[in-house]
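Quick notes on the structure that follows.
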Amino acid sequence: MRRDVTTLPRVNAWMHKLGGTFIVFDGPDGSGKSTQFDRFADLCRSHGLTVCEVREPGGTGIGEQIREVLLDPKNTEMDLRCEMMLYMASRAQLAAERIRPALARGELVLADRFISSTLAYQGTAGGLERDDILAVGHVALVGAEPDVTVIFDVDGKTAGARLNPLLDRMEAKGEMFHAQVREGYLEQARLDPDRHIVIDACRDVEDVWRDLTGRLGTYFASR
Ligand code: TMP
C-alpha cells in the first residue's frame, strides 16, 4: 500500500519542495501521529530527501536527560513554570544542536511535537499565557520556526483506546485535561490557519495517510 502512494505522480510533484523546510507533526496523546511520522519520513527518503527526524522532549543527549525528569511519574510536585521551561530547555538544545544546522544544510526537518505541544499542554490545558510561552520560545528557538504544523485531531475516547495502559506523568493527567489539550491544538489552527493543517485522526491508518499526503501536497504545491 505504501509503495502505491510513493509512486503516484502527484506525490513526486511536490516532494522536491521539501528540502530546507521544517514540518511538525503534533496532536494529543493517542492521536497516532508517530505512526504517520515514521511513514512520512520513509516516503521522503524514498524520494531522495535527506531527513532530519527529531522527537520531543529529547532528541539530544541533554534533552533525553530532561525528558526523564519531565515524564517520571514520581515528579508529581513539579511546578507548571518549571515544567514549561524544561520542555523549552530541551527544545533550545535540539534547535541549536540539530534543527538549525540541518536547515542550513538544506535538509527536511521533521519534528514529532514542538512548541505547539507546549502551547496546548502547558498553555491551554495547564493555564499559562500563550504570549508568555511564545516569549520563552523566542529566546529558545532563535528563528527555528516550523513552516507548517500538522495537527492530528482525535477525540478522548478514540485516543484513550490507543494508549499503553502504563501511562507516563503527562498521559495520566485525566480526561478533562486532555480535552483541553485537544481544544488547545484546534485553537492554534484557528489563530494561524496558513501554518496549520488539521487532520481527522479518528479514522484508520490508511485513511489518515491518504488525507495527510493529499493535504501536504496541496499545501506545498502552492509554495
Ligand atoms: P510523547 O509521548 O509524544 O513522547 O510526548 C511526551 C509527553 O509530553 C506527552 O504527553 C506530551 C507532553 N509534552 C508537553 O506537555 N509539552 C511539550 O512541550 C512537549 C514537547 C510534550
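For the numbers below, each heavy atom of this structure counts, side chains included, while hydrogens, waters and symmetry mates do not. Counting starts at 1 for both ligands and their atoms, following the listed order.
- At least one heavy atom of Arg91 sits closer than 4.0 Å to an atom of ligand 1.
- Nearest to atom 18 (O) of ligand 1 by heavy-atom distance, out of Thr118, Leu71, Leu167, Asp29, is Thr118.
- With hydrogens left out, the protein atom closest to atom 8 (O) of ligand 1 is Tyr87 OH, 3.0 Å, a heavy atom.
- The pair Arg182-Asp155 fails the salt-bridge criterion, with no side-chain N (NZ, NE, NH1 or NH2) lying under 4.0 Å from an Asp/Glu carboxylate O.
- Side-chain atoms of Arg67 come within 3.5 Å of backbone N or O of Pro57 as a donor-acceptor pair.
- Lys33 and Asp38 are not joined by a salt bridge, as no carboxylate oxygen comes within less than 4.0 angstrom of a charged side-chain nitrogen.
- Residue Lys33 places a heavy atom under 4.0 Å from ligand 1.
- With respect to Arg55 and Glu53, a salt bridge is recorded, a charged nitrogen being found less than 4.0 Å from a carboxylate O.
- A salt bridge between Glu183 and Arg190 is present, with a side-chain N of the basic residue lying under 4.0 Å from a carboxylate O of the acidic one.
- Closest to atom 3 (O) of ligand 1, if we only count protein heavy atoms, is Arg113 NE, 2.8 Å.
- At a 4.0 Å heavy-atom cut-off, ligand 1 touches Arg67 through the side chain alone.
- The single protein non-hydrogen atom nearest to atom 16 (N) of ligand 1 is Gln122 OE1, 2.9 Å, given as residue, atom name and distance.
- Checked for salt-bridge contact, Asp42 and Arg39 miss the test: no charged N lies under 4.0 Å from a carboxylate O.
- If you number the atoms of ligand 1 from 1 as listed, the ones under 4.0 Å from a heavy atom of Tyr121 come out as 10 (O), 11 (C), 14 (C), 15 (O).
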